[in-house]
Amino acid sequence: MSTDHRDTDPMRNALAGLVREGTLSEDQARRVGDVLRRSGVAPAQPRDVPPERRERVVEVLSYLGGALVIGALILIVGLAWSDLNRAGKLAICGGATVLLLVAAMAVGGLVRTAMRPTGRGEPGSADSGNRQRDTLAATLGALGSGGAAFTVGVAIDVDGFRALVLPGVAMVVVAAASYVMWGRAPLVCAAFGGGLLIAIALIDMRPQAWSALVLTGIVLMAYGALWIGLGRILAERDVAGVLGGAIGLIGAELASIENDYAWVGLLLGLVGIAAMFAMFWTSRRWWYAVFGAAGALVIPPTALGVMFDNALLVGVVLLLIGVGLIVGAVATLRRRGRLSSRPPADPGESS
């Protein structure tokens, strides 16, 4: 039952309360309402599209509209970009960005997410409707943050990676402001993307004497650690943790292919792998274990293969380590099984 008519239909409001309490199911509440209306106890409900169906239609149309807006920009950039002057480019990019952000505010409003219920809510409840609208607004806001980065890039005429700082800042600012209002995963991804643009620009500003791969690995590992830390304070903790872990492991892998500094990549990789399994240990989220295992699959063989010319020796060492870990896991499991199957000691027996 939807609570959109709270002020005009007290019966719907009462039935929705019974659904939230668990006294009635959605279907039972709907049938009770229909019986009361047919019997004349309650006013007849105007024939209209159910509110939850209208919201779904709005969702579909908004996603399609946002996708077409971005697709139109890509088409213009790919085919007609060179035919436009800077004013025309700014008008197109800026207009698309404003359109997406205005649509996000029209859908999600300006109410802070922190002021709303955080539970999932019953199907059709006000809380569930708020979450759906927030997710839609967040998606449009994320697209708008990308448009803002593109607009700033056009305004400053980006030439090279070093100029990505301002577009990245614009993307982060718009995504962060939108997250304050609607707080959903698409905006976390958008802010992450904007920060990644800034990190790429900083890497490109390095002194030429510094190793590009090693510095890239260190910066990406630091950036990943930052996002894992942010995950502790964000509502979308797992999204931030997965993004941070993935980019950190990618950085470690890049550092491990540098001939003279493969050991740096190995150390960074071991730290990243340990962090992923530590997060798996504390959260019991399987995807952290997947990322940790993927890092162990790629980074140590790459780094050791670069450090030592004897690939056979490296392979044998890694094989022995892997077999040892599996044997240890099996032995631990069998020991736990024996302890759990042992009958409890008699309280009357003395040791």
Side-chain angles (χ1 to χ4, degrees), residues 70 73-74 76-78 81-82 84 86 89-90 92-94 96-98 100-101 141-180 185-231 233-234 236 239-258 260-261 264-265 268-269 271-272 275 299:
I70 298 300
L73 283 179
I74 294 173
I76 292 171
V77 170
W81 195 247
S82 58
L84 299 172
R86 180 172 295 186
K89 296 175 182 177
L90 285 174
I92 292 174
C93 297
T97 300
V98 171
L100 290 169
L101 294 178
L143 293 174
S145 68
F150 203 88
T151 303
V152 172
V154 171
I156 65 174
D157 194 13
V158 169
D159 184 18
F161 292 130
R162 298 189 180 197
L164 291 176
V165 172
L166 289 180
V169 169
M171 191 170 182
V172 170
V173 169
V174 174
S178 301
Y179 185 83
V180 170
L187 293 167
V188 175
C189 297
F192 176 85
L196 190 58
L197 293 179
I198 299 174
I200 293 172
L202 294 177
I203 292 170
D204 195 51
M205 294 178 185
R206 78 189 190 284
Q208 292 298 320
W210 292 11
S211 170
L213 289 176
V214 172
L215 181 62
T216 299
I218 293 174
V219 170
L220 293 184
M221 276 291 291
Y223 186 60
L226 171 65
W227 274 93
I228 291 175
L230 285 175
I233 61 176
L234 296 177
E236 305 292 339
V239 176
V242 167
L243 290 173
I247 199 65
L249 293 176
I250 290 173
E253 173 64 13
L254 290 175
S256 67
I257 63 178
E258 179 69 33
D260 296 330
Y261 299 97
V264 176
L268 293 176
V271 170
I299 297 173

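A quick note: this is a predicted structure, and the numbers were derived from the prediction, not measured.
For the atom pair CD1 of Ile247 and CD1 of Ile228, the computed distance is 11.5 Å after rounding to the nearest 0.5 Å. Here the straight-line distance linking atom CG of Leu100 with atom CG of Leu143 works out to 5.5 Å at 0.5 Å rounding. Once rounded to the nearest 0.5 Å, the distance linking CG of Leu220 with CD of Glu253 reads 12.0 Å. Here CD1 of Ile257 is found 5.0 Å from CG of Leu213. Values are rounded to the nearest 0.5 Å.
Taking all atoms of both residues into account, the shortest heavy-atom contact from Val239 to Ala185 is CG2-CB, 3.9 Å. Taking all atoms of both residues into account, the shortest heavy-atom contact from Arg162 to Met205 is O-CE, 3.7 Å. Contact detail for Ala255 and Gly217: the closest heavy-atom pair is CB-CA, 4.2 Å. Looking at every heavy atom in both residues, Ala148 comes nearest to Ala170 through O-CB, 4.2 Å. Closest heavy-atom contact between Cys93 and Val154: SG-CG2, 4.1 Å.
Looking at residues two or more places apart in sequence or on another chain, you find a side chain to side chain donor-acceptor pair (under 3.5 Å) between Thr151 and Thr97. Residues satisfying the side chain to side chain contact (heavy atoms under 4.5 Å, CB included) test with Ala201, not counting sequence neighbours, are Leu164, Val165. Applying the side chain to side chain contact (heavy atoms under 4.5 Å, CB included) criterion to Ala252, with sequence neighbours excluded, gives Met221, Leu268, Ile299. Annotation: side chain to side chain donor-acceptor pair (under 3.5 Å) contacts of Tyr223 (sequence neighbours excluded): Trp227.
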Please tabulate, one pair per line, all N/O donor-acceptor pairs under 3.5 Å involving side-chain atoms of residues 189-199, not counting sequence neighbours.
none

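Residue pairs meeting the salt bridge (Lys or Arg N to Asp or Glu O under 4.0 Å) criterion with at least one partner in residues 144-153, sequence neighbours excluded, do not occur; the list is empty.
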